[in-house]
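Just so you know, residue 1 is the first one in the sequence shown, and it goes up from there.
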Amino acid sequence: MTPISSGRWRLQPVDKVGAVRIGNVEVIVEPKIGPKNLLFLLGYAADPGFRPDDVEGVQHDDLLSVIAESLARHTERATQRGVLQGYVTVEETLPLVRGRIRASDQLARHSGMLLPMEVTYDEFSADIPENRIVRGAIRRLLTVPRVHTEVRRRLGHLDGRLDGVTALTPGAPLPRWLMSRMNQGYLPALRLSEIILRHLSAEVGPRGVRVASFVIDMARVFEDFLTTAMREAAANRAGRMVGQHSVALGMDGTVPMRPDIVHVVNGEPRAVFDAKYKMERDSRGVPGPDVYQMLAYCTALRLRRGYLVYAKGEGEPLVHRIVNTGPRVEVVQYPLDLTCSASELLGQVDSLVTNALTRQGEVQPSGLATAAAPIGVAALQTQ
C-alpha cells in the first residue's frame with residue numbers, strides 16, 4: 001500500500017486474494033482463477049478426498065458468497081438424516097455416582113465428604129468435535145456482512161439444528177477428529193469448515209468497528225495443492241512423492257535447501273518439482289532466478305532434469321538446457337491452467353506426473369542421464 005495523494009492510497013495485492021471489511025469500507029481482491037476453483041484448490045490440499053463435484057453448481061460470483069453457499073449445501077447434505085452423534089468423555093460434579101470416580105479430584109475438592117462426587121463417564125451426544133467445527137464455521141460466517149440473506153437464513157437454521165453443541169473458543173486450536181466410517185458423510189462440510197475457521201476472522205475492533213477478513217496466500221495454496229495432487233497421481237507407481245524434501249548443497253551439509261516436491265524410489269531421488277505461483281522474469285523475459293534455483297536442486301540431488309511448475313495457463317512446456325553441466329541438466333518450465341474445471345486440472349497434473357516419471361528409467365545410478373528432450377517440447381539454450 002503506497003500513498004498517491006492526500007487521503008488516497010494505491011493497493012497492490014501480492015500473491016494474496018480475499019476480502020477485508022472494516023466498518024463500511026471493503027477491499028476485495030478476486031482470484032483470477034475464479035472463486036470455485038480457489039475453493040477446490042483449498043479443499044483438495046486439505047484432504048485428497050475433496051472431489052471436483054464438491055464445488056460444482058454454486059452460482060455466486062464472489063468468494064465469500066461461494067464459501068457460504070457451499071458450507072450451507074454440504075452441511076444440509078451431511079445432516080439430512082440427522083446430526084452425527086458419538087461418545088464423548090464428560091467430567092462433572094454430581095450428587096450421585098456415574099461412571100468412574102476421579103479419586104484425586106474428589107479428595108482435593110471434597111475431602112471427607114461423600115457428596116457431591118467428581119466423576120467421569122462417556123455419553124452418547126451430538127457435542128462431538130465434528131459438530132463443534134461445523135457449528136464454529138457457521139457462526140463465523142453469520143458475522144460476515146456479505147453473506148446473502150437467503151444463505152444466511154439457511155445457515156441460521158443449521159445453527160439451530162446443532163443446538164447443544166459447544167461453541168468453539170476464539171483463538172483456541174481446533175478440536176481433533178479422526179476419519180471413520182461414521183463421519184464419511186461429514187467430510188466435505190468438515191474440510192470446508194476448517195478452511196473457514198483458519199482463514200476467516202470476524203471481530204469487533206476499536207470504537208465498536210466491525211472487522212471481517214478472509215485472506216488466502218495463493219503461493220502457499222498452489223504449493224499445497226500441487227503436492228497433494230501429485231502424490232495422488234503417483235499413488236500407483238513405484239516410490240513416493242515427498243513434500244519439502246531436505247537436501248544440502250555443500251559437502252559438509254551447509255547450504256540447506258527444501259525443494260517443494262521430490263519423487264523418491266528406494267531412498268533415491270528420481271525427480272524434483274518446484275511450485276511457482278508467480279513467474280519472476282529477468283530482462284530477457286526468462287525466469288532466470290527460478291532456473292538457477294532448480295539447477296541448484298538438480299545439482300544437490302544429482303538429477304539431470306527438474307520441473308518448474310507454474311500456475312500459468314498459456315503456452316507449452318519449455319526446456320532450458322543448461323550449458324557446461326557435464327551431462328547437460330534440463331530445467332522444464334511447465335505451465336498448469338488453473339482456470340479450467342477441477343477434473344481437467346487434475347488431468348493436467350496426472351499428465352505432468354506421467355511425463356516426469358516415465359523419464360526416470362533414463363536416469364543412471366549416479367543420478368545423471370543423457371536423454372534428449374521429450375517430443376513436442378520446445379528447447380532453449382540457457383547461457
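- Residue Leu107 shares its hydrophobic cluster (ILVMFWY side chains chained together at separations under 4.5 Å) with no other residue.
- The CD atom of Glu330 lies 11.0 Å from the NE2 atom of His320; values are rounded to the nearest 0.5 Å.
- Considering Gln85, Arg98, Glu92 as possible partners of Glu123, the one that fulfils the side chain to side chain contact (heavy atoms under 4.5 Å, CB included) test is Arg98.
- For the residue pair Thr358 / Arg237, no side-chain donor-acceptor distance below 3.5 Å is found, with atom types taken as modelled.
- At least one donor-acceptor pair under 3.5 Å links the side chain of Arg304 to the backbone N or O of Arg328.
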As a quick check of understanding, evaluate side chain to side chain contact (heavy atoms under 4.5 Å, CB included) for Arg135 and Asp163, giving each step before the final call. CA-CA 9 Å; Arg135 194 180 196 190; Asp163 185 40; 4.2 Å; yes

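- Taken from CE in Met218 to CG in Leu42, the straight-line distance is 7.5 Å, to the nearest 0.5 Å.
- Scanning both residues, Val349 and Leu226, for their nearest heavy atoms gives CG2-CD1, 4.4 Å.
- Through direct or indirect side-chain contacts shorter than 4.5 Å among Ile, Leu, Val, Met, Phe, Trp and Tyr, Leu178 is connected to no other residue.
- There is no side-chain donor-acceptor pair under 3.5 Å between His157 and Arg153.
- Partners of Tyr334 according to the ring-ring contact (aromatic ring centres under 6.0 Å, His included) rule, which considers only residues two or more places apart in sequence or in another chain, do not exist here.
- Under the 3.5 Å distance criterion, the side-chain polar atoms of Asp337 are left unmatched by any main-chain donor or acceptor of Leu345.
- Remark: the backbone N or O of Leu84 is paired with a side-chain donor or acceptor of Tyr186 at under 3.5 angstrom.
- Checked against side-chain hydrogen bond (donor to acceptor under 3.5 Å, both in side chains), Arg109 has the following partners two or more places apart in sequence or in another chain: Glu118.
- Of the inter-residue distances, the one linking Lys276 atom NZ with Leu336 atom CG reads 14.5 Å to the nearest 0.5 angstrom.
- Listed by chain and residue number, Tyr307 satisfy the ring-ring contact (aromatic ring centres under 6.0 Å, His included) test with Phe273 (two or more places apart in sequence, or in another chain).
- If you take CZ on Arg154 and CZ on Arg152, they are separated by 13.5 Å, rounding to the nearest 0.5 Å.
- If you take CG on Asn131 and CG on Leu190, they are separated by 8.5 Å, rounding to the nearest 0.5 Å.
- The line from CG of Leu155 to CD of Glu69 is 9.0 Å long, rounded to the nearest 0.5 Å.
- For the salt bridge (Lys or Arg N to Asp or Glu O under 4.0 Å) test, no residue two or more places apart in sequence or in another chain qualifies with Asp350.
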